[in-house]
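Everything numeric here is computed off the predicted structure, so don't read it as measured data. Values reported hereafter were calculated over all heavy atoms of this structure, with side chains retained and with hydrogens, waters and symmetry mates removed.
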Amino acid sequence: MMKFVFVLLALTPLGFMNYYWLISFTWMMLTFLFMLNFSFNYMYMYMSYFLGVDLISYLLILLSFWVCALMILASQKIYYNGFWSRLFVLVMVMLMLSLFLAFSSVNLFMFYIFFEVSLIPTLMLIIGWGYQPERLQAGIYLLFYTLLASLPMMISIFYYYKLYGTLDFYFFSNELTEILLYICMNMVFFIKIPLFFVHLWLPKAHVEAPVSGSMILAGVMLKLGGYGLMRMMVIFMGVGLSINYWFIGLSMVGGLIVSLICLRQSDMKALIAYSSVAHMGLAVSGILTLNLWGMSGALMMMIAHGLCSSGLFCLANLNYERLSSRSLYLNKGLINLIPSLSLWWFLLVSSNMAAPPSLNLMGEIMLINSVLCFETFNMIALMLISFFSAAYSLYLYAFSQHGKFYSGLYSFSMGNFREYLLLLLHWLPLNMLILKGELMCLWL
């Protein structure tokens with residue numbers, strides 16, 4: 001594991017030398033090297049003093065490498081305009097390093113440290129390369145929502161260490177019964193994923209962030225919350241059975257309300273951001289049911305959502321670069337102007353509403369099974385969430401692609417090779433992974 005850490009550290013000087021595309025290429029190569037480097041099973045591999053990977057860490061590290069490589073591919077404007085591109089690459093390398101170490105830490109305190117460290121490069125991306133002046137407010141929202149809950153978590157980590165003398169994941173035992181400890185330990189993950197009621201930082205951060213910030217937030221940062229919950233539920237098996245149904249109910253109702261909010265959005269980025277809250281609400285429910293289908297479905301949903309949501313943010317940005325607006329009132333009738341991009345809109349929007357053959361479908365089927373096994377009454381919320389998921393996806397597609405186009409549009413490019421490659425590299429893994437979906441059910 002350490003060799004990958006050293007490779008990531010070695011990329012830092014390349015940023016200063018302005019080898020912008022080389023870093024993207026290296027991360028893609030690392031994705032494939034990392035893929036060759038692993039036996040797909042549930043055991044921990046490549047153990048060192050505090051690093052090691054099992055299936056869930058492995059898949060999320062692969063996702064991080066892939067999304068970070070695509071972030072650089074999507075941020076060509078920063079490179080060509082010379083808008084602090086060296087600093088941008090440095091921030092990206094630091095972000096990738098912190099994510100890699102967070103997902104591969106086998107010690108809870110090390111995971112906590114890198115979980116918090118990953119917040120700083122994200123904050124720099126939003127405040128440094130965001131679009132509107134409100135990005136400062138969005139950055140503060142992001143910072144304080146997370147920091148508010150992280151101090152209680154740190155204290156509860158120390159308390160757990162005092163009780164049991166270890167913080168290694170593979171020595172965890174389900175003996176904790178204090179509800180207060182459950183809330184303190186998991187609240188930071190509920191905020192990160194985000195659970196309804198503590199989700200307000202997410203749409204704000206997405207709308208103000210540059211395309212790279214939106215991609216990493218939707219693609220990987222939300223998954224830190226899900227990953228942390230999966231690791232923590234081992235300790236809270238006992239107390240979880242008595243309290244989890246409150247959070248499952250909240251995420252179901254929250255998912256439904258957020259789906260209705262999506263139908264009223266006029267900003268494309270805000271719509272995609274709110275849809276993330278609805279999808280991750282399903283993943284939270286799956287994790288909290290504490291059964292194998294729920295865990296595997298949540299992992300599948302996290303991987304699928306990471307690719308799909310990231311791709312949709314790229315598409316919204318392609319429109320923004322041409323029209324200088326993300327409003328659905330101006331982004332109309334684009335099928336008349338850029339028909340080839342309309343195909344990509346259709347493919348990614350259909351994946352977002354869990355149409356076959358996307359990985360979202362498989363994840364959603366498993367999550368629906370898991371949540372219904374837990375409580376049959378959830379059927380009503382699940383039915384409405386699935387329906388409205390299709391409704392807002394079609395609303396986004398129909399409004400942006402059909403109708404009369406805005407008469408103030410003069411001239412812009414149809415799209416270049418880089419943009420189509422970027423969209424293909426989101427869509428292809430999203431729809432090919434369903435062929436090997438059983439790999440994600442091996443995690444125990």
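- Seen from the ring of Tyr145, Lys204 does not count as a face-on cation partner, given the 6.0 Å and 45° thresholds.
- Residues Ile272 and Ser309 share a closest heavy-atom pair of CG2-OG, 3.9 Å.
- For the residue pair Ile191 and Ala149, the shortest heavy atom distance occurs at CD1-CB, 3.6 Å.
- Ring centroid separation for the pair Tyr44 and Phe169 does not come in under the 6.0 Å cut-off.
- Although no hydrogens or angles enter the test, the distance criterion places no donor-acceptor pair under 3.5 Å between the side chain of Ser393 and the main chain of Ala390.
- For the pair Phe189/Met153, a side-chain contact is recorded, criterion being any heavy-atom separation below 4.5 Å from C-beta on.
- Side-chain atoms of Tyr182 and Asn244 form a donor-acceptor pair, as typed in the model, at a separation below 3.5 Å.
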Which donor-acceptor pairs under 3.5 Å do the side chains of residues 205-223 make with protein atoms, sequence neighbours left out?
residue : atom : partner : partner atom : Å
Ser214  : OG   : His206  : O            : 3.2
Ser214  : OG   : Lys269  : NZ           : 3.1
Lys223  : NZ   : Ala218  : O            : 2.6
Lys223  : NZ   : His305  : ND1          : 2.7

Derivation and outcome, ring pair (Phe, Tyr, Trp, His ring centres under 6.0 Å), residues Tyr392 and Tyr274:
CA-CA 10 Å; Tyr392 62 68; Tyr274 274 111; 10.0 Å; no

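- Shown here are the ring pair (Phe, Tyr, Trp, His ring centres under 6.0 Å) partners of Phe158, two or more places apart in sequence or in another chain: Phe109.
- Closest approach of Arg231 and Asp54 over heavy atoms only: NH2-OD1, 2.9 Å.
- Atom CE of Met35 is surrounded by more than 12 heavy atoms from other residues, nucleotides or ligands within 6.0 Å.
- Listed by chain and number, the residues in a ring pair (Phe, Tyr, Trp, His ring centres under 6.0 Å) with Tyr160 are Tyr164, Phe172 (sequence neighbours excluded).
- Formation of a donor-acceptor pair under 3.5 Å by the Glu419 side chain with backbone atoms of Asn416 is found in this model.
- No donor-acceptor pair closer than 3.5 Å links the side chain of Ser370 to the backbone N or O of Met366.
- Under 3.5 Å, the side chains of Arg135 and Tyr131 contain no donor-acceptor pair of N or O atoms.
- Across Met28 and Ala69, no two heavy atoms sit closer than the pair CG-CB, 3.6 Å.
- The aromatic rings of Phe65 and Phe100 lie tilted to each other, with the angle between the two planes from 30° to 60°.
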